[in-house]
Number of protein chains: 2
Amino acid sequence: MSRQPPKKALFAQFAAVARALGSEHRLDLLEHVAQGEQSVELLAQRTGIPFASVSQHLQALRKSGLVAARRDGRRVLYRIADDGVIRLLGALRQVAERQVAEVERIVDGYFRDRDSLEPVSKKELAARVKDGLVTMLDVRPEDEFASGHVPGAVNVPLAQLRKRLTELPKRQEIIAYCRGPWCVLAFEAVALLRKQGRKARRLDGGLPEWRIAGLPVETSASADGKRLERQ
Amino acid sequence: MSRQPPKKALFAQFAAVARALGSEHRLDLLEHVAQGEQSVELLAQRTGIPFASVSQHLQALRKSGLVAARRDGRRVLYRIADDGVIRLLGALRQVAERQVAEVERIVDGYFRDRDSLEPVSKKELAARVKDGLVTMLDVRPEDEFASGHVPGAVNVPLAQLRKRLTELPKRQEIIAYCRGPWCVLAFEAVALLRKQGRKARRLDGGLPEWRIAGLPVETSASADGKRLERQ
DNA sequence: TTGACATTCAATTATTCAATTGAATATTAT
DNA sequence: ATAATATTCAATTGAATAATTGAATGTCAA
């Protein structure tokens, strides 16, 4: 292993990391883990993958250095190993989006207007939210919101958006986001809001991208967080 | 395929790209393709992979959008699909390097000093080469050098370096490079030069990185290029 | 210590992927 | 047309991987 042609050995390691990314379930898990440290069971619930499979996939991800784990009581909490992983996922997304025509068709097909991608920087946006000039809308499920969100964001899960429109400002611009650039919840939220005549845009990125941009993240100590007390 | 949950369909595409990267042979081929447009046969020669396998791997890479192909006469020339691919490879390398301890050990084990990584920008370097303040040393095989290299670089393949030391300036700083950041030839060259008392460093990156930085690339119309006339 | 719970391990089966070989296709030159 | 060459396709084999199930491990609380 160690005394073989170094080039081969290097490629083997790089290939191992890429192989770990080469599974839909693991990508799904990675996106969820990127939201914040989580237990195996919670990830199984959120992704709908059987918990034994989740455990195995997480171990595969760990072996290739994409996630890290620590024990807390009787559960094991997994997290993204470091910011480079988020950037790697971004680069993968970029290549796939730009080059695989299929993706374009899927996104375009489902969501008419592929809307203004990041017309305003995240840092500026954070300032505007603080000044009350725009409203950030987090359309993820409540428990995910609780474990970490953009400061000042309003949480209305996509499923309830239609009914709870009154909770959102009428004229102010609304910026929707969810898990990350791949997450379709935000696309759908923007489509719905625009149909209702609201001024809405999508944040090109989710919580992980917000975090690695060096911006603060807020957590709700409790908010349906029965399963989250330990975090 | 197209009317399935969009999230799944997106992940499937991203996973497909990652899977395409998850093979040592394909990474090897990608590194070579990144040097410049090349035919299947030439790639087979340079990588030592049977040509039928090379063809299949290239098709896999093409299907996932990592390389593109065009026909020229009776040969098919493959090239990197776009700059995003180089960046993706860089991100992969970064994650693997930072997180997979194995790589550190391999690199450190083989090459004592992991030497000054990119202490000077590529743009500045290009200027210094032009002014004759430093010498760029390309240690790749002659035919690879011929199909594209840093302007003004001297080509001495690693195997001949010890014998041809006299061709290099005695006191001037020497910057060695080869195919890319993973390429070990440059590490070895620097080690050898330093042992000889020369002032040598390694360029953190190779021709592809040079190219996507927007810097010019020079080709030798002829230089052992019997097989390269058409390029 | 016992029981409850979260996670991991082990074993099975089905699927996918890789390498190899030889044949088929497409292009150029004769 | 025919031959020569570069590439691709097809079929085989063996290896790696994924999903599933049930058992085993480790931790906390009573």
Side-chain angles (χ1 to χ4, degrees), chain A residues 8 11-13 15-30 32-33 37-64 66-79 226-231, chain B residues 8 11-13 15-30 32-33 37-64 66-79 226-231:
Chain A
K8 295 250 165 173
F11 277 154
Q13 291 298 339
V17 175
R19 258 195 305 274
L21 289 176
S23 140
E24 309 170 34
H25 278 172
R26 282 195 293 272
L27 287 174
D28 196 1
L29 284 168
L30 267 181
H32 277 89
V33 170
E37 208 178 39
Q38 290 169 71
S39 70
V40 178
E41 196 192 22
L42 190 50
L43 284 165
Q45 277 179 31
R46 288 178 172 174
T47 59
I49 302 168
F51 71 94
S53 291
V54 171
S55 173
Q56 288 183 181
H57 282 308
L58 288 171
Q59 280 170 65
L61 290 170
R62 188 156 81 140
K63 226 169 87 181
S64 62
L66 290 164
V67 305
R70 75 183 172 90
R71 186 149 210 140
D72 172 39
R74 62 176 107 181
R75 58 188 85 195
V76 176
L77 301 178
Y78 282 86
R79 63 180 182 280
K226 277 168 227 154
R227 291 185 303 270
L228 295 168
E229 291 119 352
R230 290 186 169 276
Q231 300 190 29
Chain B
K8 297 251 163 168
F11 278 151
Q13 290 299 339
V17 175
R19 259 196 305 273
L21 288 176
S23 142
E24 308 168 38
H25 278 172
R26 282 196 293 271
L27 287 174
D28 195 0
L29 284 167
L30 268 181
H32 277 89
V33 170
E37 208 178 38
Q38 289 170 70
S39 70
V40 178
E41 195 192 23
L42 189 51
L43 284 165
Q45 279 179 31
R46 288 178 172 174
T47 59
I49 302 168
F51 70 94
S53 290
V54 170
S55 174
Q56 288 184 178
H57 283 307
L58 288 172
Q59 280 170 65
L61 290 170
R62 188 156 81 142
K63 226 168 84 182
S64 62
L66 289 164
V67 305
R70 75 181 172 92
R71 185 147 210 143
D72 173 40
R74 63 178 109 182
R75 59 189 85 194
V76 175
L77 302 179
Y78 282 86
R79 64 181 181 279
K226 276 169 231 154
R227 290 185 302 271
L228 295 169
E229 292 120 353
R230 289 185 171 276
Q231 301 187 27

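Residue numbers begin at 1 in each chain, while the letters A, B, ... track the order of the sequences.
- Considering CD of B/Glu41 and CZ of B/Arg74, their distance stands at 10.5 Å, rounded to 0.5 Å.
- Of all heavy-atom pairs spanning B/Arg19 and B/Arg26, the tightest one is O-NH2, 3.3 Å.
- Closest approach of B/Ala69 to B/Arg62, counting heavy atoms only: CB-NH1, 3.5 Å.
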Distances for protein N or O near nucleotides 7-11 of chain D N or O, under 3.5 Å:
| unit_1 | atom_1 | unit_2 | atom_2 | d |
| --- | --- | --- | --- | --- |
| D/dT7 | OP1 | B/Val40 | N | 3.1 |
| D/dT7 | OP1 | B/Val76 | N | 3.3 |
| D/dT7 | OP1 | B/Val76 | O | 3.4 |
| D/dT7 | OP2 | B/Glu41 | N | 2.7 |
| D/dT8 | OP1 | B/Tyr78 | OH | 2.8 |
| D/dT8 | OP2 | B/Ser55 | OG | 2.8 |
| D/dC9 | OP2 | B/Gln59 | OE1 | 2.3 |
| D/dA10 | N6 | B/Gln56 | OE1 | 3.2 |

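- Across every non-hydrogen atom of A/Tyr78 and A/Val67, the tightest pair is CD2-CG2, 3.8 Å.
- When all heavy atoms of B/Phe11 and A/Leu27 are compared, the pair lying nearest together is O-CD1, 3.8 Å.
- Note that OG1 of A/Thr47 is 6.5 Å distant from NE2 of A/His32, once rounded to the nearest 0.5 Å.
- We find that CD1 of B/Ile49 is positioned 14 Å from C1' of C/dT20, with the value rounded to whole Å.
- Between its opening and closing five pairs, the helix from C/dT1-D/dA30 to C/dT30-D/dA1 changes axis direction by 30°, a value rounded to 10 degrees.
- Side-chain contact between B/Leu66 and B/Val33: absent, with no pair of heavy atoms (C-beta onward) separated by less than 4.5 Å.
- Distance OG/B/Ser53 to CG/B/Leu43: 13.0 Å, rounded to 0.5 Å.
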Protein and nucleotides 15-18 of chain D: nitrogen or oxygen contacts under 3.5 angstrom:
| unit_1 | atom_1 | unit_2 | atom_2 | d |
| --- | --- | --- | --- | --- |
| D/dA18 | OP1 | A/Arg26 | NH1 | 3.2 |
| D/dA18 | OP1 | A/Arg26 | NH2 | 3.0 |

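- A/His57 approaches A/Ser23 most closely through the heavy-atom pair CE1-OG, 4.2 Å.
- The minimum heavy-atom distance between A/Ala60 and A/Ala20, with the atom names listed, is O-CB, 4.5 Å.
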